[in-house]
S.K.: 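Before I ask anything, here is the structure I am working with.
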Amino acid sequence: MPIPSVVKDKCNGCGDCVVVCPFFALELVDNVVTIAESCLDCGVCVSACAAGALVYEGVEGIQKGGGVWYLAPGGDIEAAGTARYLADEWGRSAAAVIFDQDALPESGPDQVLVIPGGDARVLAAAIRDEKPGAVLAPDRDYTRDLLAQTAALLKVSFFSGVTSLQPVYGKDSVEVVRPIFLGRYHVRVQAQSSPVLATLQKGALLPARAMALTSVPRLLDVEPAAGPEVMRQESGLGYVPVLEEADIILSGGPSIGQEGFELLNALARRMGAVVAGSKEAVQAGLLPPERMVDAFTGKKIAPSLYIAFGIDGSPGHNAAITLARTVVAVNDRADTNLAAAADFILTADIRAIMEAMLSE
Amino acid sequence: MKVCVCIKPAWEVFDTYFSSSRGEIDTSAAARQLPVTERLGIDFASQLSADEIVAVSWTDAADESVLRQAAAVGATRLVRIECESPEADRMDPLVVSSVLVEVLKSVKPEMVFFGYRSPEGGSGAVGPMVAAMLGYALLPRCVKLWRDGDLVTFRSLEDGREMSGSARLPVVVTVHPAAGSPKSPSPLGIRRAMKTPLEVVRIDAPRSEIDLRAIGTNEFKGRVRQVLEGSPAQMVQMLRAQLRERGAI
Ligand SMILES: Cc1cc2nc3c(=O)[nH]c(=O)nc-3n(C[C@@H](O)[C@H](O)[C@H](O)COP(=O)(O)OP(=O)(O)OC[C@H]3O[C@@H](n4cnc5c(N)ncnc54)[C@H](O)[C@@H]3O)c2cc1C
Ligand SMILES: Nc1ncnc2c1ncn2[C@@H]1O[C@H](COP(=O)(O)O)[C@@H](O)[C@H]1O
């Protein structure tokens, strides 16, 4: 039976493996772990060993850092559930990767790896050393940049904005679904290279089981290649939202007036939404032209939620919102063109609805 | 300063349809256009007083007109990359980046512009990948740029925050659509575009390690059109429950 081997000079005698072994097969002799005959090769000790002292000889990916890594910058464990799922399906361990020793994830992983600095060159070097089978992250501007650069350094494929991720049985591979053409279509693709690097969107983010963090964070000692330096900081000027990028858009017609748009702005701040308006609202001077929702602007919007307040729905307006996943029409009249093109229709005093939303 | 702008002639997404019988995207009614982010890249290059603005595109001869459009708004040299590659491989950002890098290594620009993400693929990976392969500094999602000698200062957007920073040339810049409205071509520009030199470069592309299994549609079959009733507070409560259920909030 291919029981794990002990790398004696890596064992620090912490005893984590002894505690987790379900078959009481491990013990510490002179502060170094030994494995008894009763070992049934379940592998629990291998994933529990933060020092990398318990390994499977010749089985890449399982040994050392463990099978599935997920980036947990700032202790964010959004990708933990999916990493856990894939690790379980592959029969490997899941490890959280953090860039700052103080930003520990609260729960979830078998292991925590600390990769100081967290730029692509360091991450690529760590992946080369430790050979994880997959590196996952929540889909963010920052994680996309990082994993795309890392993938290029490793010459492996990268999948961004993935909405579904499934293991391929019998292979160390995954099949992912990702949107294309502004989310109008999707592709289902299989990765042939290893490791799989991917950023995950809503659909692919599985809830993480709460688990106590038992292992000690392991600092990876990687020597990054030299490279260019970019100085960056938050400018403190706040965000300049763009309609094309917005996930939630709150849009108004001319009838809601200045006051209505002020309420919309307040609501948008609460919801993380971007405020927009119909052509008529822009013509009335209620908002700048770049916030106009109308097909003739050529601007492509594809939010997951579009809520229109007091918009009747001209053909140009309705054509511009066809890629919105969910459309809500709020108006004091029911018989509008927009109501015919909406998912949910609320007919009431518009201001009363806005206030009810604000007081939620 | 020599600048390259990498151009992906992108389909007008709204004019494409899904053919369920062929399991393909039907682009017969759509045209390819010069994307806004690439036009903004050319504007940035002009504004930073580049001596030479090279528009580079891996695309078919049929789409050369998009490169001419780039010349009309300021590109001074055009390079079209031709390479034998299966259709599906052209979708893999790693393949696209490797092909572009080969040309960029011979052109040796000090600054390379990319769109942040195209409407088509939208993985936003090509710029970062090229930066890593060339060993250039990456300035992602820029909305403003300044240059003082070899120091480039920028403003950019990242996950809802505005960032500012700087790096030394050579750099790769990806352009965010919020950078503004691109300049329109002038009559002079259009005349000049016809005479701008266009080179065709042949390259062997690496094979993609991604297997395309299927393309599907997310097009909406129609709206639910559900009328919510009650007091404003009740309506808002119902709406919230519905939106939660659909994963919209
Ligand atoms: C049928 C289909 C299948 C797809 N399958 C996959 C898949 O399996 N895996 C996957 O990751 N993606 C897939 N995509 C998306 C894919 O087409 C990407 O758009 C493509 O790989 C470009 O990468 P990107 O999205 O990062 O760059 P984009 O967002 O498309 O472009 C960013 C910038 O890179 C530059 N650029 C891109 N292409 C060129 C070019 N040809 N010449 C010059 N400059 C260029 C431009 O400056 C552009 O603005 C698929 C798309 C389709 C339509
Ligand atoms: N990533 C890409 N790089 C280069 N050319 C591309 C890319 N994506 C699409 N194309 C071009 O677009 C054509 C059809 O692609 P598609 O967008 O799949 O319809 C291809 O023949 C290429 O010329």
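All of these numbers come straight from a predicted model, not from anything done at the bench. The chains referred to below are lettered A, B, ... by the order of the sequence lines, with proteins before strands, and numbering in each begins at 1.
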S.K.: Checking A/Ala319 against chain B: side chain, backbone, both or neither under 4.5 Å from a heavy atom?
M.R.: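 The backbone, not the side chain.
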S.K.: Identify which of B/Gly165, B/Ser164, B/Pro232 forms the greatest number of heavy-atom pairs closer than 4.5 Å to chain A.
M.R.: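 Between B/Gly165, B/Ser164, B/Pro232, the count favours B/Ser164.
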S.K.: I want to check something: taking the side chain as every heavy atom from C-beta on, are B/Phe44 and B/Val173 in contact at a cut-off of under 4.5 Å?
M.R.: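 Of all side-chain heavy-atom pairs linking B/Val173 with B/Phe44, none is under 4.5 Å.
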S.K.: What part of A/Arg144 lies closer than 4.5 angstrom to a heavy atom of chain B: side chain, backbone, both or neither?
M.R.: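 For A/Arg144, the contact with chain B is made by the side chain alone.
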S.K.: Side chain, backbone, both or neither: which part of B/Ser166 has a non-hydrogen atom closer than 4.5 Å to chain A?
M.R.: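 Both parts, heavy atoms under 4.5 Å.
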S.K.: Any idea how A/Tyr306 and A/His317 line up, ring-wise: parallel (<30°), tilted (30 to 60°), or perpendicular (>60°)?
M.R.: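 Ring orientation, 0 to 90° scale: tilted.
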S.K.: Let me know if B/Leu228 has heavy atoms under 4.5 Å from chain A in its side chain, its backbone, both or neither.
M.R.: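 Looking at B/Leu228, backbone and side chain both touch chain A.
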S.K.: Indicate yes or no for a side-chain donor-acceptor contact from A/Thr199 to the backbone of A/Ala137 under 3.5 Å, with no hydrogens or angles considered.
M.R.: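 No, the answer is negative, given that no donor and acceptor are paired below the 3.5 Å cut-off.
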S.K.: For A/Ala352, is it the side chain, the backbone, both or neither that has a heavy atom under 4.5 Å from a heavy atom of chain B?
M.R.: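 Answer is both: backbone and side chain atoms of A/Ala352 are under 4.5 Å from chain B.
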S.K.: Which atoms of B/Arg246 come close to chain A, meaning under 4.5 Å heavy atom to heavy atom: side chain ones, backbone ones, both, or neither?
M.R.: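 For B/Arg246, the side chain is the part near chain A, not the backbone.
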S.K.: Measure A/Ser359 against the heavy atoms of chain B and call it side chain, backbone, both or neither at under 4.5 Å.
M.R.: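 A/Ser359 has no heavy atom closer than 4.5 Å to chain B.
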S.K.: Keeping A/Asp343 on the side-chain end and A/Val327 on the backbone end, is there a donor-acceptor pair under 3.5 Å?
M.R.: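 Side chain of A/Asp343 to backbone of A/Val327, a donor-acceptor pair under 3.5 Å: yes, one is there.
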S.K.: Examine whether an atom of A/Val177 lies under 4.5 Å from a heavy atom of chain B, and if so say whether it belongs to the side chain, the backbone or both; otherwise answer neither.
M.R.: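 No part of A/Val177 comes within 4.5 Å of chain B.
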S.K.: So which of A/Gln149, A/Met231, A/Lys155, A/His186 has the largest heavy-atom pair count under 4.5 angstrom toward chain B?
M.R.: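 Ranked by heavy-atom pairs under 4.5 Å with chain B, first place is A/His186.
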S.K.: Cut-off 3.5 Å, no hydrogens considered: what does the side-chain donor-acceptor table look like for residues 267-274 of chain A, sequence neighbours left out?
M.R.:
unit_1, atom_1, unit_2, atom_2, d
A/Arg270, NH1, A/Leu358, O, 2.5
A/Arg270, NH2, A/Leu358, O, 3.0
A/Arg270, NH2, A/Glu360, O, 2.8

S.K.: Between the main-chain N or O of A/Ala339 and the side-chain N or O of A/Thr336, is there a donor-acceptor pair closer than 3.5 Å?
M.R.: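 Yes, because the side chain of A/Thr336 sits within donor-acceptor range (under 3.5 Å) of the backbone of A/Ala339.
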S.K.: I'd like to verify something: which residue of B/Ser98, B/Gly230, B/Pro128, B/Ser97 has the highest number of heavy-atom pairs under 4.5 Å with chain A?
M.R.: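 Winner by heavy-atom pair count: B/Pro128.
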S.K.: Main chain of A/Val275, side chain of A/Arg291: is a donor-acceptor contact present, judged purely on distance under 3.5 Å?
M.R.: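 Looks like yes, one N/O pair under 3.5 Å.
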S.K.: Using the rule given for salt bridge (Lys or Arg N to Asp or Glu O under 4.0 Å), can you reason through B/Lys8 versus B/Glu38, listing the C-alpha separation, both sets of side-chain angles and the distance that settles it, and then say yes or no?
M.R.: CA-CA 8 Å; B/Lys8 171 173 178 174; B/Glu38 273 88 320; over 6 Å; no
S.K.: May I ask you to decide if B/Glu110's main-chain N or O and B/Tyr136's side chain share a donor-acceptor pair within less than 3.5 Å?
M.R.: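 It does not hold such a pair.
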S.K.: Are any of the side-chain nitrogens in A/Glu78 or A/Arg140 under 4.0 Å away from the carboxylate oxygens of its partner?
M.R.: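 Between A/Arg140 and A/Glu78 there is a salt bridge, with a charged N closer than 4.0 Å to a carboxylate O.
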S.K.: Quick one: which of B/Arg240, B/Gln237, B/Met238 has the most heavy-atom pairs under 4.5 Å with chain A, could you say?
M.R.: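 Of the candidates given, the most pairs with chain A belong to B/Arg240.
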S.K.: Quick one: salt bridge (Lys or Arg N to Asp or Glu O under 4.0 Å) pairs with a partner in residues 345-354 of chain A, sequence neighbours left out?
M.R.: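 Every pair satisfying salt bridge (Lys or Arg N to Asp or Glu O under 4.0 Å) with a residue in residues 345-354 of chain A: A/Glu259-A/Arg351, A/Arg351-A/Glu355.
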S.K.: Report the option among A/Ala148, A/Ser157, A/Ala342, A/Ala348 that has the most heavy-atom pairs separated by less than 4.5 Å from atoms of chain B.
M.R.: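 So the answer, after comparing A/Ala148, A/Ser157, A/Ala342, A/Ala348, is A/Ala342.
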S.K.: Would you say the side-chain atoms of B/Glu12 pair up with the backbone N or O of B/Gln33, donor to acceptor, closer than 3.5 Å?
M.R.: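 Side chain of B/Glu12 to backbone of B/Gln33: no pair is present.
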S.K.: What part of B/Phe154 is in contact with chain A, defined as an atom under 4.5 angstrom from a non-hydrogen atom: side chain, backbone, both or neither?
M.R.: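 Contact with chain A is through the side chain of B/Phe154 alone.
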S.K.: Just give me the residue among B/Glu229, B/Gln226, B/Gln242, B/Met235 that pairs up with chain A most often, heavy atom to heavy atom, under 4.5 Å.
M.R.: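 Highest number of pairs under 4.5 Å: B/Gln226.
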S.K.: Tell me, side chain or backbone of B/Ser156 under 4.5 Å from chain A's heavy atoms, or both, or neither?
M.R.: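 Just the side chain, heavy atoms under 4.5 Å.
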S.K.: Quick one: of A/Ser304, A/Ala329, A/Ser193, who has the most non-hydrogen atom pairs under 4.5 Å with chain B?
M.R.: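 Counting heavy-atom pairs under 4.5 Å, the top option is A/Ser193.
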S.K.: Which bit of A/Ala334 is near chain B, if near means a heavy-atom gap under 4.5 Å: side chain, backbone, both or neither?
M.R.: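 It is neither, since no heavy atom gets under 4.5 Å.
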S.K.: Pick one of side chain, backbone, both or neither for A/Ala151, based on which atoms fall under 4.5 Å of a heavy atom in chain B.
M.R.: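 Its backbone and side chain both get close to chain B.
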